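Taking it in order: structure first as structure tokens, then the write-up.
All heavy atoms count here, side chains included; hydrogens, waters and symmetry mates do not. Proteins come first, then strands; the chains are lettered A, B, ... in the order of their sequence lines, and each starts at number 1. What you are looking at is a predicted structure, and each value in this text was computed from that prediction instead of being measured.
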There are 2 protein chains.
Amino acid sequence: MDVARLAGVSQKTVSRVLNDEPYVSADLRRRVLGAAQDLGYRRNQAARALASGRTRSIGVVTLGTALYGPTSLLVGIERVVREAGYTLRVAATVEGDPGGIAGALASLLDQGVDGVVISEPIDEGAGLISVDVPVLVLGAPPNFAAPRVVTARVGADVHARAATEHLLELGHATVHHLAGPQRWYSARDRLAGWRQALRAHGADEPPVVEGDWSAASGYAAGRELAGDDTVTAVFAANDDMAIGLIRAQLEAGRRVPEDISVVGFDDIPLAAYVTPPLTTLRQPLDGLARQGLALLIHVIENPEAEVAPAADQPVELLVRASTAPPPPRPTSGRDRRAILHPPRGPHGRP
Amino acid sequence: MDVARLAGVSQKTVSRVLNDEPYVSADLRRRVLGAAQDLGYRRNQAARALASGRTRSIGVVTLGTALYGPTSLLVGIERVVREAGYTLRVAATVEGDPGGIAGALASLLDQGVDGVVISEPIDEGAGLISVDVPVLVLGAPPNFAAPRVVTARVGADVHARAATEHLLELGHATVHHLAGPQRWYSARDRLAGWRQALRAHGADEPPVVEGDWSAASGYAAGRELAGDDTVTAVFAANDDMAIGLIRAQLEAGRRVPEDISVVGFDDIPLAAYVTPPLTTLRQPLDGLARQGLALLIHVIENPEAEVAPAADQPVELLVRASTAPPPPRPTSGRDRRAILHPPRGPHGRP
DNA sequence: CTGAAAGCGCTAACAG
DNA sequence: CTGTTAGCGCTTTCAG
């Protein structure tokens with residue numbers, strides 16, 4: 001090693017200095033650092049990994065879409081990983097690709113990551129390959145075969161329940177739910193929370209409409225629902241669908257929130273600026289990433305330590321202008337499909 | 001190596017089989033594959049990298065935000081990288097962190113990536129470290145010291161020009177521009193295109209308002225502009241700002257598009273579902289990623305080959321409901337700030 | 001506190 | 001077609 005020669009020490013001393021190991025005299029340390037600097041020396045990570053069995057890298061399995069939730073998580077994960085001195089490797093899965101998670105995981109493991117985080121997995125039915133490094137699962141039930149699995153979740157069911165209750169407390173007889181794809185654990189959680197709220201209040205449970213998270217699917221659902229004016233309140237499983245749904249309502253001549261209230265989920269940055277500004281739930285995605293990774297890194301670096309599971313993240317309901325009490329005189333239940341709404345002109349908001 | 005022993009061959013033969021090298025008998029190949037299978041053998045990538053000097057990984061320097069452009073590109077990049085049989089390493093930069101790109105690049109290079117893509121860099125003023133692997137720069141002028149730099153861009157100036165011309169052709173006397181942060185090359189491109197269009201049509205060039213890509217900044221700009229009703233058309237540098245701006249206009253009692261037309265940029269999935277549906281430009285981000293990476297991988301695998309620069313991606317203007325001809329009787333230029341708009345009630349859309 | 005020797009698990013080069 | 005011999009550049013023993 002040239003650095004060692006230039007500094008007139010052994011290779012091992014260089015290694016010690018660069019790894020901040022103790023038992024090196026200040027003088028040697030200075031000399032080595034100087035030599036390394038002069039030579040523009042950088043350690044070869046592949047060699048380090050081979051010799052030490054560690055890569056100081058963390059792999060993340062995420063979904064290959066630009067959806068708000070997964071991408072926000074990814075951004076948060078990257079930041080925390082970097083701050084902790086690790087590097088990030090990414091393997092995305094494609095929806096509908098069976099065994100996608102297992103494949104992505106295998107690829108990451110091949111690369112020798114020290115730990116992996118599985119972000120918002122969807123239920124693939126299949127069992128997962130066993131993993132010999134610590135795993136962090138973000139937003140799903142812990143059902144992975146790994147020596148050390150830690151999980152962190154937002155407790156979406158609690159949130160969904162709060163959203164639904166907000167609507168119920170406004171006086172709506174019941175609340176419809178525009179659900180996310182049920183292969184997603186987060187979509188199931190939200191559905192469950194909605195159902196809990198309805199039961200707790202003794203409200204009817206209307207049939208669930210399922211979307212695919214997109215505004216387009218929300219729009220389609222909105223057209224379906226627009227014909228039925230007993231629908232006075234909808235809890236959508238994410239903001240995009242909520243916005244699509246609102247759009248469909250407006251086009252059908254129903255006003256939001258006067259005729260129908262809508263609550264979203266996520267608090268995307270746009271939520272406060274659409275018309276009407278959307279009442280929604282903020283997901284503490286950043287806290288989730290931060291908290292989960294702190295746990296994961298702790299387990300990586302202290303293989304023997306016991307870890308307490310992460311606490312659920314807090315709920316935050318943002319009441320804006322898309323929710324209001326139900327319209328005074330709900331149409332009688334029967335023949336409702338026959339009632340034609342004259343276009344009342346544009347949707348209003350003072 | 002156990003696999004070699006089990007199959008009764010040399011280590012090198014195993015290596016050959018696993019690397020799909022020629023000159024191995026079908027029989028041996030079968031035997032080796034079988035043994036590897038039985039043992040659940042996986043190659044150690046660190047050792048491969050050390051011995052071969054290649055990692056079959058590509059690094060990407062991206063911005064650590066959840067903005068639509070950067071994240072969509074990242075998703076596209078990941079997919080193409082995976083399809084090409086490479087793995088992905090990510091290093092994000094933080095806005096405002098000087099030398100962020102250089103640092104991220106250094107981290108990636110340390111990891112021994114075979115190539116790197118710099119996605120939507122911002123101008124950091126500082127020079128960039130020199131790089132000894134092929135580099136793909138997405139969306140910026142090529143000014144990097146690297147043996148092989150390839151670039152691909154969307155030609156945002158052409159797009160911006162088209163957006164501005166759309167407004168001009170609708171009859172607007174001029175078009176205001178709500179720009180993105182000028183440290184971003186893409187923001188500069190859009191500004192340049194807007195300016196070109198104005199000049200070509202001999203229109204006045206109003207002062208530029210600069211936002212930070214967020215809907216909140218668009219809203220702030222919208223409030224500023226709302227007092228001036230000579231402003232009949234605005235080209236916003238992205239959809240989020242356009243939506244924030246529209247919101248501010250509506251709150252000020254100005255109708256979109258009757259009183260003021262707005263064009264966005266990006267065609268985020270929500271653009272067609274906000275109120276009014278946003279006229280915008282679709283960025284062929286996916287094509288960009290695909291095209292750029294094809295080039296990069298070609299250069300990685302054929303170090304000697306000459307490459308033609310990627311062709312600019314095509315323009316696609318999506319005319320929806322946020323643009324219309326200007327209002328019939330524009331208020332005279334003077335005293336315009338004194339004119340109070342009685343709240344005309346809600347913004348309309350038939 | 002410091003150094004010498006011995007690999008980590010693979011692939012490159014050269015023989016057979 | 002197949003095997004042998006050396007390393008890749010570090011970190012880990014284990015002695016000084």
**Q.** Terminal axes of the helix from dC1(C)-dG16(D) to dG16(C)-dC1(D) (five pairs each): angle between them, nearest 10 degrees
**A.** 30°
(Q) Arg56(B): which residues meet the side-chain hydrogen bond (donor to acceptor under 3.5 Å, both in side chains) condition with it, sequence neighbours left out? (A) none
Q: Measure the spacing between CG of Leu288(A) and CG of Leu293(A) and express it to the nearest 0.5 Å.
A: 10.0 Å
Please list, for nucleotides 6-8 of chain C, all pairs of protein and nucleotide N/O atoms separated by less than 3.5 Å.
residue	atom	partner	partner atom	Å
dC8(C)	O2	Ala51(A)	N	3.3

Atom pairs and distances, side-chain donor-acceptor, residues 294-303 of chain B, under 3.5 Å, sequence neighbours left out:
residue	atom	partner	partner atom	Å
Glu301(B)	OE2	Tyr86(B)	OH	2.8

Q.
I need the CG-P distance between Asp110(A) and dC10(C), as an integer number of Å.
A. 11 Å
Q. Can you find a side chain N or O atom of Arg48(A) that sits less than 4.0 Å from OP1 or OP2 on dT11(D)?
A. yes
Q: Could you tell me whether a side-chain N or O of Arg188(A) sits under 3.5 Å from a main-chain N or O of Gln182(A), the two making a donor and an acceptor?
A: yes
(Q) Suppose we call a contact any N or O donor and acceptor under 3.5 Å apart; does that hold for the side chain of Arg16(A) and the base of dG3(C)? (A) yes
**Q.** Pairing residues for Gln111(B) by the side-chain hydrogen bond (donor to acceptor under 3.5 Å, both in side chains) criterion, not counting sequence neighbours
**A.** Thr87(A), Ser107(B)
Q) Quick one: does Glu120(A)'s side chain have a donor or acceptor within less than 3.5 Å of a partner on Gly139(A)'s backbone? A) no
Q.
Can you list everything that forms a side-chain hydrogen bond (donor to acceptor under 3.5 Å, both in side chains) with Thr55(A)? Sequence neighbours excluded, please.
A. Ser57(A), Asp114(A)
Q. Nearest 0.5 Å, what's the CG-CG distance between Leu109(B) and Asp132(B)?
A. 5.5 Å
Q: To the nearest Å, give me how far apart CD (Gln45(B)) and P (dC10(D)) are.
A: 20 Å
